[in-house]
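All remarks here apply to the structure that follows.
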Amino acid sequence: MKRKRKPRVVYLEDKGETIYSMAALDGRTPEEQEEFDRKRKQQGFWSRGERRAMIAAAFSVYGPLFLCVLVAFLAAALLMYFFLK
């Protein structure tokens, strides 16, 4: 009995062509996306006040979580210290 050979996989070389533009996924055409990106670069993204507000909001959300994790590690370290002493 002859054993069937597995078909050889041939991969096509990437030619760098764009099959579908991903720029339209957020509802913009590629031209609108380019215009939006150009305007955004000219604006300088966020102002100083907006940046500070975002950082303060991140600290207010993640601060308590960070403190809980820190307290848990400290408690674990203290327990190990006293029980292994």
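This chain uses plain numbering: 1 for the first residue, then up along the sequence.
- Interatomic distance, L74 CG to L79 CG, rounded to the nearest 0.5 Å: 11.0 Å.
- Exactly one of E31, R38, E32 qualifies for a side chain to side chain contact (heavy atoms under 4.5 Å, CB included) with E35. That residue is R38.
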Mind listing the side-chain donor-acceptor pairs of residues 55-65 below 3.5 Å, one per line with the distance, residues two or more places apart or on another chain?
from, atom 1, to, atom 2, distance (Å)
S60, OG, A56, O, 3.4
S60, OG, A57, O, 2.8

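- Surrounding CZ of R48 are at most 12 heavy atoms belonging to other residues, nucleotides or ligands under 6.0 Å away.
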